[in-house]
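Written out below as structure tokens is the structure these notes cover.
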Amino acid sequence: MRFSRLLVPTTKETPNDATLASHIFLIRGGFIQSVGGSGLYNFLPLGKKVLDRVRNVVKEELDNAGCQEVSLSFVTPASLWEESGRYEKYGKELLRFKDRKDNEFVLGPTHEEMMVNLVRQSVKSYKQLPLNLYQINLKFRDEIRPRFGLMRGREFLMKDGYSFHADEADMKREFDLMEETYKKIFTRLGLEFRVVEADSGAIGGSGSKEFMVLADSGEDTIVVCDGCDYGANIEAAVRREKTCDAPVPQLGKEKIHTPDATTMEALSKFFDVDPFYLVKTVAMRALYDEGKSQIVLFAIRGSDELQEVKACNAVEANELVEVSEQELEEAGLIAGFMSPLNAPESVRVVIDNALKGATGMICGANEKEYHTTGNTIDGDFDYSDIVAVQEGDACAKCGGTLRYTKGIEAGHIFQLGTRYSEPLGCTFLDENGKAKPMVMGTYGIGVSRLLAAIIEQHHDEKGCIWTKESAPFDLYVMVSNIKDVAQLALGEKVYETLKAAGIDVLFDDRKDRFGAKMKDYELIGIPHAVIIGKKLSDGLVEFVTREGMVKEEVSADEIVSYVQERLC
RNA sequence: CGGAGUGUAGCGCAGUCUGGUAGCGCACCUGGUUUGGGACCAGGGGGUCGAAGGUUCGAGUCCUUUCACUCCGACCA
């Protein structure tokens with residue numbers, strides 16, 4: 001491709017809303033273009049090329065693993081979503097609309113329902129199983145707050161795969177195969193990543209794993225162990241039960257006047273006890289289908305933090321929202337002095353596993369300006385793991401030290417079981433002619449997000465540094481001064497020869513000066529370049545490696561074979 | 001959803017306080033010079049000043065309403 005013919009609107013200036021390297025360089029490099037903000041982007045020729053190359057890597061590895069590509073309608077009938085029960089569960093992120101006949105539709109944010117619908121219509125026998133179908137298609141999620149360019153757009157390209165099995169064991173086999181396949185994909189793309197245990201979110205199911213591309217700018221916090229290979233999203237991370245060196249407070253069962261002790265810190269000072277022996281009670285409103293809701297008190301140790309996703313799962317709510325003091329009062333609760341022990345009947349109580357059987361605990365009294373001491377937590381409550389693992393906690397697996405790191409969720413695989421096949425009636429006949437729901441797995445990769453992830457990991461202050469398999473071109477060839485007949489002639493020859501040899505070359509034949517072209521090269525970030533310039537009079541050209549901007553002088557006569565050698 | 005901010009040329013911004021015929025940089029077009037680190041000179045095109053209503057002889061500027069976008073927060077009671 002000749003640069004003079006390519007639409008690459010590179011800019012010197014940074015769009016004012018871009019803060020992340022990937023966002024800045026993808027826009028400045030002319031890969032993508034914002035569509036009036038709000039998380040929508042156009043892919044320009046360079047961006048489309050990268051997208052296609054990444055997509056091809058994904059497709060090749062999946063096809064190798066025996067998956068089959070399909071393409072489902074992006075517009076999906078609302079009735080399917082009602083059938084699965086997700087029409088409400090998914091909430092406001094579902095973009096709903098009506099057609100001229102007043103039929104309701106949604107733009108697919110993920111396609112479990114559609115794929116199950118496809119399979120239930122065409123698969124009837126155990127002989128047709130297992131089956132792994134995927135597509136690489138647009139998705140739309142009406143995000144609360146789109147940001148960071150391609151990292152969290154509303155419309156995005158996603159690979160979503162679904163597998164169908166006769167039994168649990170076969171589904172697990174496929175799940176492991178997908179984990180291996182995903183590792184190959186991310187490795188080929190040149191990414192440093194970590195596979196971690198995860199929460200299943202709105203998709204549902206159990207035993208899910210996320211593929212986290214490690215980057216400080218990642219939106220997810222992941223917990224990793226120094227001692228073993230344990231890794232988990234903070235939303236799902238577990239730890240070895242915590243202990244406290246400070247002694248159990250020897251206070252009898254009493255009600256104490258504690259006027260200003262409305263925070264854990266103040267309470268800890270007031271009684272001079274470690275927060276470990278305080279009960280922190282967090283009130284939240286749990287939202288359910290059909291507008292139902294309930295106030296829930298989550299009780300954890302004062303030294304812990306509530307993990308909201310875990311808490312939400314513990315009460316099987318669609319969402320947790322905060323509760324105003326007024327609402328608390330109406331429910332018979334007093335902010336700052338709440339207790340799970342004698343809570344009003346209308347509120348639900350969930351107690352963290354770590355508190356089960358705890359003694360000597362200090363709690364609110366459910367009475368203004370009073371706390372009670374000497375409590376033992378042993379009642380007949382709902383117990384659940386609802387705390388956030390903290391840095392320095394001990395690994396449940398090996399006892400090593402856990403620490404936080406940041407990651408970009410690039411892939412997520414789930415063991416779904418019959419979560420969708422059952423309500424949607426996706427059954428098959430087994431060897432005995434009995435109808436059974438299929439056992440499913442589902443597997444996603446954020447393909448457009450991967451472009452951002454690659455740049456987050458591979459860039460410098462000057463621009464992008466694409467990895468071999470993601471680069472928009474294999475090689476960039478620059479003629480420094482196109483008015484120099486010898487330079488131009490060599491450039492044309494190198495371009496044509498390498499192109500014929502199957503190398504994808506971007507040939508910079510623009511009239512611009514050396515500096516401007518160099519800036520563009522560095523911004524666009526093709527892995528290697530050949531620069532034909534002044535030294536051609538001495539029979540020399542330069543071979544450049546974008547990573548580190550390493551320049552090597554090569555004889556002009558040998559440059560073609562040199563490039564072929566280096567690019568293989 | 002709460003808080004803050006911004007809407008003026010394709011992009012980045014000034015002008016708004018104090019009302020008087022819309023400006024700068026980048027990008028773009030024409031001609032010329034220049035060619036190893038985002039060149040220079042000369043000329044040029046491009047605007048319903050987010051939208052609606054109001055005040056005024058006159059509104060980008062003041063008032064009211066509204067829409068959009070961006071940032072921060074979402075929880076330790």
Side-chain angles (χ1 to χ4, degrees), chain A residues 8-19 23 27-28 30 33-40 91-92 144-149 258 260-268 275 278-285 287 295-312 319-329 331 333-340 347 352 363-364 366 368-369 371 386-388 390 462-463 478-484 487-488 510-523 531-537 540-542 544 549 551:
Chain A
V8 193
T10 57
T11 62
K12 257 191 275 191
E13 287 181 282
T14 302
N16 68 354
D17 60 323
T19 50
H23 191 184
I27 290 198
R28 283 194 48 212
Q33 182 185 56
S34 166
V35 184
S38 86
L40 303 175
K92 290 193 174 140
I144 307 172
R145 205 177 144 206
R147 54 184 138 179
F148 305 140
T258 53
D260 296 316
T262 57
T263 65
M264 285 301 127
E265 204 186 328
L267 202 56
S268 170
L278 305 176
V279 175
K280 186 190 284 188
T281 308
V282 183
M284 306 220 52
R285 181 175 290 281
L287 305 182
I295 291 179
V296 184
L297 295 184
F298 294 101
I300 57 180
R301 284 190 187 273
S303 50
D304 280 327
E305 306 291 329
L306 183 70
Q307 215 305 314
E308 206 172 308
V309 171
K310 286 183 177 181
C312 189
E319 200 186 339
L320 294 180
V321 295
E322 64 183 289
V323 188
S324 69
E325 290 206 9
Q326 193 189 341
E327 286 176 284
L328 284 181
E329 269 175 44
L333 295 163
I334 299 110
F337 304 94
M338 296 185 293
S339 161
V347 306
D352 184 58
C363 271
N366 278 333
K368 198 164 172 57
E369 303 191 341
H371 278 81
I386 53 173
V387 296
Q390 292 164 315
K462 291 173 173 169
M478 185 216 288
V479 173
S480 178
N481 179 2
I482 62 161
K483 286 205 175 156
D484 182 313
Q487 285 183 22
L488 187 59
R510 292 177 300 170
K511 196 169 164 276
D512 299 64
R513 306 177 120 221
F514 175 83
K517 292 192 230 186
M518 215 43 204
K519 292 284 183 196
D520 275 348
Y521 167 66
E522 286 160 343
L523 184 56
I531 294 172
I532 300 166
K534 275 190 165 168
K535 287 183 190 144
L536 181 59
S537 48
L540 293 174
V541 298
E542 280 170 329
V544 178
M549 286 305 288
K551 297 180 179 175

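Small disclaimer: the values here were computed from a predicted structure and weren't measured. All chains are named by letter (A, B, ...) in the order of the sequence lines, taking the proteins before the strands, and each is independently numbered beginning at 1.
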Nearest-angstrom distance, [atom1] atom, [N] to [M]:
N	M	atom1	result
B:A68	B:G31	C1'	43 Å
B:C49	B:G2	P	31 Å
B:U8	B:A14	P	11 Å
B:C17	B:G73	P	34 Å
B:A9	B:G45	C1'	11 Å
B:G20	B:U65	C1'	27 Å
B:G25	B:G46	C1'	16 Å
B:U55	B:C63	P	15 Å

- For A:His23 and B:C69, give me the distance from atom NE2 to atom P, rounded to whole Å. 14 Å

- Message: In this structure, how many angstroms lie between the P atom of B:C11 and the CD atom of A:Glu13, rounded?
- Response: 12 Å

Who does [N] pair with, Watson-Crick or G-U, both distances under 3.5 Å?
N	result
B:C40	B:G32
B:C26	B:G10
B:C62	B:G54
B:G5	B:C69

- Item | Counterpart residues, side-chain hydrogen bond (donor to acceptor under 3.5 Å, both in side chains), relative to A:Lys535 (two or more places apart) | A:Glu553

- Query: What residues, two or more places apart in sequence or in another chain, satisfy side-chain hydrogen bond (donor to acceptor under 3.5 Å, both in side chains) together with A:Asn366?
  - Reply: A:Asn342

By salt bridge (Lys or Arg N to Asp or Glu O under 4.0 Å) - contacts of [X] (at least two apart):
X	answer
A:Asp520	A:Arg510
A:Lys462	A:Glu522
A:Glu327	A:Arg285

- Query: Who passes ring pair (Phe, Tyr, Trp, His ring centres under 6.0 Å) against A:Phe337, sequence neighbours left out?
  - Reply: A:His371

- Task: Under the ring pair (Phe, Tyr, Trp, His ring centres under 6.0 Å) rule, collect the residues that match up with A:Tyr521, sequence neighbours excluded.
- Result: A:Tyr476

Indicate yes or no for a side-chain donor-acceptor contact from [X] to the backbone of [Y] under 3.5 Å, with no hydrogens or angles considered.
X	Y	result
A:Arg28	A:Thr10	no
A:Lys517	A:Val479	yes
A:Thr263	A:Ala266	yes

Protein-nucleotides 48-50 of chain B N/O pairs closer than 3.5 Å?
none

Which pairs, protein N/O on one side and nucleotides 74-77 of chain B N/O on the other, fall under 3.5 Å?
{"residue": "B:A74", "atom": "O3'", "partner": "A:Glu322", "partner atom": "OE2", "Å": "3.4"}
{"residue": "B:C75", "atom": "OP2", "partner": "A:Glu322", "partner atom": "OE2", "Å": "2.9"}
{"residue": "B:C75", "atom": "O5'", "partner": "A:Glu322", "partner atom": "OE2", "Å": "3.3"}
{"residue": "B:C76", "atom": "O2'", "partner": "A:Lys280", "partner atom": "NZ", "Å": "3.2"}
{"residue": "B:C76", "atom": "O2", "partner": "A:Lys280", "partner atom": "NZ", "Å": "2.7"}
{"residue": "B:C76", "atom": "O2", "partner": "A:Glu305", "partner atom": "OE1", "Å": "2.2"}
{"residue": "B:C76", "atom": "N3", "partner": "A:Glu305", "partner atom": "OE1", "Å": "2.1"}
{"residue": "B:A77", "atom": "O2'", "partner": "A:Gly336", "partner atom": "N", "Å": "3.2"}
{"residue": "B:A77", "atom": "N6", "partner": "A:Val323", "partner atom": "O", "Å": "3.4"}
{"residue": "B:A77", "atom": "N1", "partner": "A:Val323", "partner atom": "O", "Å": "2.8"}

- Message: Among residues at least two apart in sequence or on other chains, which ones pass side-chain contact (heavy atoms from CB on, under 4.5 Å) with A:Thr19?
- Response: A:Phe148

- Query: Under 4.0 angstrom, heavy atoms only, what part of the nucleic acid is A:Asp484 near: base, sugar-phosphate, or nothing?
  - Reply: nothing

- How would you list all residue pairs meeting side chain to side chain donor-acceptor pair (under 3.5 Å) that involve residues 295-312 of chain A, not counting sequence neighbours? A:Arg239-A:Asp304, A:Lys310-A:Asp385

Show each protein N/O and nucleotides 36-41 of chain B N/O combination with a separation under 3.5 Å, one pair to a line.
{"residue": "B:G36", "atom": "OP2", "partner": "A:Lys534", "partner atom": "NZ", "Å": "3.0"}
{"residue": "B:G36", "atom": "N7", "partner": "A:Lys534", "partner atom": "N", "Å": "3.2"}
{"residue": "B:G36", "atom": "O6", "partner": "A:Gly533", "partner atom": "N", "Å": "3.4"}
{"residue": "B:G36", "atom": "O6", "partner": "A:Lys534", "partner atom": "N", "Å": "3.2"}
{"residue": "B:G36", "atom": "N1", "partner": "A:Glu542", "partner atom": "OE1", "Å": "3.1"}
{"residue": "B:G36", "atom": "N2", "partner": "A:Glu542", "partner atom": "OE1", "Å": "3.2"}
{"residue": "B:G36", "atom": "N2", "partner": "A:Glu542", "partner atom": "OE2", "Å": "3.4"}
{"residue": "B:G37", "atom": "O6", "partner": "A:Lys551", "partner atom": "NZ", "Å": "2.6"}
{"residue": "B:G37", "atom": "N1", "partner": "A:Glu522", "partner atom": "OE2", "Å": "3.0"}
{"residue": "B:G37", "atom": "N2", "partner": "A:Glu522", "partner atom": "OE1", "Å": "2.4"}
{"residue": "B:G37", "atom": "N2", "partner": "A:Glu522", "partner atom": "OE2", "Å": "3.1"}
{"residue": "B:G38", "atom": "O2'", "partner": "A:Lys12", "partner atom": "NZ", "Å": "2.8"}
{"residue": "B:G38", "atom": "O6", "partner": "A:Arg28", "partner atom": "NH2", "Å": "2.8"}
{"residue": "B:G38", "atom": "N2", "partner": "A:Asp520", "partner atom": "OD1", "Å": "3.1"}

